[in-house]
Amino acid sequence: MPEYYSSIGEAVGDAMQHNIQLAHRSVAPGPDKPLQVRHLPSASSDPYSVRGMIARLTEDSTPDEVAGIIEEVNGALVGALPELTELVAAAADWTRVRLDFDDPHHNPTFETWTRLAAAYGMLQDVREQLEVAEDGVAACPAERTDPRHHEMVNVLRTRELLGDVLGAGAAPADRGPEADRQRAARTSLPQAAAQRTPSTASTAEGRASIPPPRASRTR
């Protein structure tokens with residue numbers, strides 16, 4: 001499973017391109033960089049990873065559960081967003097020590113540093129926005145509102161994660177827009193029918209393996 005693909009479309013597209021290149025080669029394969037592969041743990045086995053938190057954040061989650069997940073993402077010590085912010089900062093600092101202002105008309109390194117610095121500032125702003133949103137989420141109503149109100153705002157999540165398509169299939173009783181979207185993505189794969197197995201873990205069993213969100217939230 002390529003480590004740098006965030007969607008199944010990117011993974012399948014790159015694999016197809018790789019196969020086409022192999023099929024049209026008239027010489028022995030050269031020193032091309034091989035596809036990078038790593039094991040990605042399932043969302044249920046690592047519920048506090050970003051993948052695990054996405055799986056836990058369903059449309060039927062309670063306001064406190066969602067606020068707790070946002071807190072986990074934005075936590076100062078182990079949150080994924082602060083770690084990403086520091087990663088971008090480290091990349092900007094790496095570029096900083098390679099700056100050269102001798103030629104005022106050509107400085108691509110400074111342009112790169114500027115982009116990284118801008119990304120760093122945006123991530124800091126995202127952290128501040130999430131801190132405010134956490135309290136707002138906790139105050140949201142627990143029950144769904146009339147669907148006619150939902151049509152006024154666009155759905156934001158549009159990209160498939162690899163786990164959405166390659167993970168275990170949902171039980172038939174698990175119905176909903178998110179479950180239907182995942183099932184449709186899985187069945188669109190050429191080998192989807194061959195890869196299905198007769199028995200799949202039930203939704204209840206999958207949720208039982210995921211620890212509940214932290215009861216209390218502290219900043």
Side-chain angles (χ1 to χ4, degrees), residues 1-18 20-21 30-41 43 46-57 66-138 140 152-166 178 181 185 217-219:
M1 194 176 300
E3 64 176 330
Y4 44 79
Y5 298 134
S6 60
S7 70
I8 190 62
E10 293 179 6
V12 172
D14 191 83
M16 292 176 61
Q17 184 179 14
H18 181 72
I20 292 173
Q21 292 174 349
D32 290 348
K33 185 178 180 181
L35 292 175
Q36 300 182 31
V37 179
R38 72 174 182 180
H39 170 69
L40 294 177
D46 192 6
Y48 292 104
S49 67
V50 173
R51 287 159 45 86
M53 287 185 280
I54 291 174
R56 288 159 51 197
L57 205 165
V66 178
I69 291 172
I70 293 178
E71 181 189 27
E72 292 164 10
V73 172
N74 212 28
L77 296 179
V78 295
L81 184 54
E83 289 182 351
L84 176 60
T85 304
E86 290 305 305
L87 174 64
V88 174
D93 291 343
W94 180 90
T95 309
R96 171 180 172 273
V97 298
R98 287 159 176 80
L99 292 174
D100 185 350
F101 293 101
D102 289 340
D103 185 352
H105 304 293
H106 182 72
N107 203 327
T109 302
F110 179 67
E111 294 177 1
T112 301
W113 178 88
T114 301
R115 292 183 182 276
L116 289 170
Y120 173 74
M122 292 177 185
L123 287 171
Q124 286 186 313
D125 183 61
V126 169
R127 293 180 60 183
E128 294 176 358
Q129 295 292 342
L130 286 182
E131 287 180 358
V132 178
E134 181 185 332
D135 294 331
V137 165
C140 286
M152 303 296 293
V153 179
N154 293 330
V155 174
L156 295 183
R157 190 182 174 197
T158 59
R159 305 192 70 180
E160 296 286 349
L161 298 180
L162 288 174
D164 292 342
V165 181
L166 302 180
E178 181 67 13
R181 180 180 64 81
R217 301 192 308 277
T218 58
R219 297 190 183 279

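For the pair Val50 and Val73, the minimum side-chain heavy-atom distance is 4.5 Å or more. Here the side chains of Asp46 and Arg51 are not in contact, with every heavy-atom distance at 4.5 Å or above.
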> side chain to side chain contact (heavy atoms under 4.5 Å, CB included) between Asn74 and Glu134: does it pass, once the steps are laid out?
Replying inline: CA-CA 10 Å; Asn74 212 28; Glu134 181 185 332; 5.7 Å; no
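Residue Pro82 comes nearest to Gly75 through the heavy atom pair CG-O, 3.1 Å, listed as atom of the first residue, atom of the second, then distance. The two residues Ala92 and Trp113 have their closest heavy-atom pair at O-CD1, 3.1 Å. Smallest separation of non-hydrogen atoms from Leu130 and Leu81: CD1-CD2, 3.6 Å.
In this structure, CG on Leu123 lies 12.5 Å from CD on Glu83, to the nearest 0.5 angstrom. Annotation: the span from Arg115 atom CZ to Thr95 atom OG1 amounts to 12.5 Å, rounded to 0.5 Å. Between Met53 atom CE and Ile69 atom CD1 the span is 7.5 Å, to the nearest 0.5 Å. Atom CD1 of residue Ile54 and atom CZ of residue Arg56 lie 11.5 Å apart, to the nearest 0.5 angstrom. To the nearest 0.5 Å, the span separating CG on Asp125 from OH on Tyr120 amounts to 12.5 Å. Rounding to the nearest 0.5 angstrom, the gap separating the CG atom in Leu84 from the CZ atom in Arg127 is 10.0 Å.
With sequence neighbours left out, Gln129 forms a side-chain hydrogen bond (donor to acceptor under 3.5 Å, both in side chains) with no residue at all.
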Hey, can you pull the donor-acceptor pairs under 3.5 Å for the side chains in residues 99-107, sequence neighbours left out?
unit_1	atom_1	unit_2	atom_2	d
Asp100	OD1	Asp102	N	3.0
Asp103	OD1	His105	N	3.0
Asn107	OD1	Phe110	N	3.0
Asn107	ND2	Asp100	O	2.8

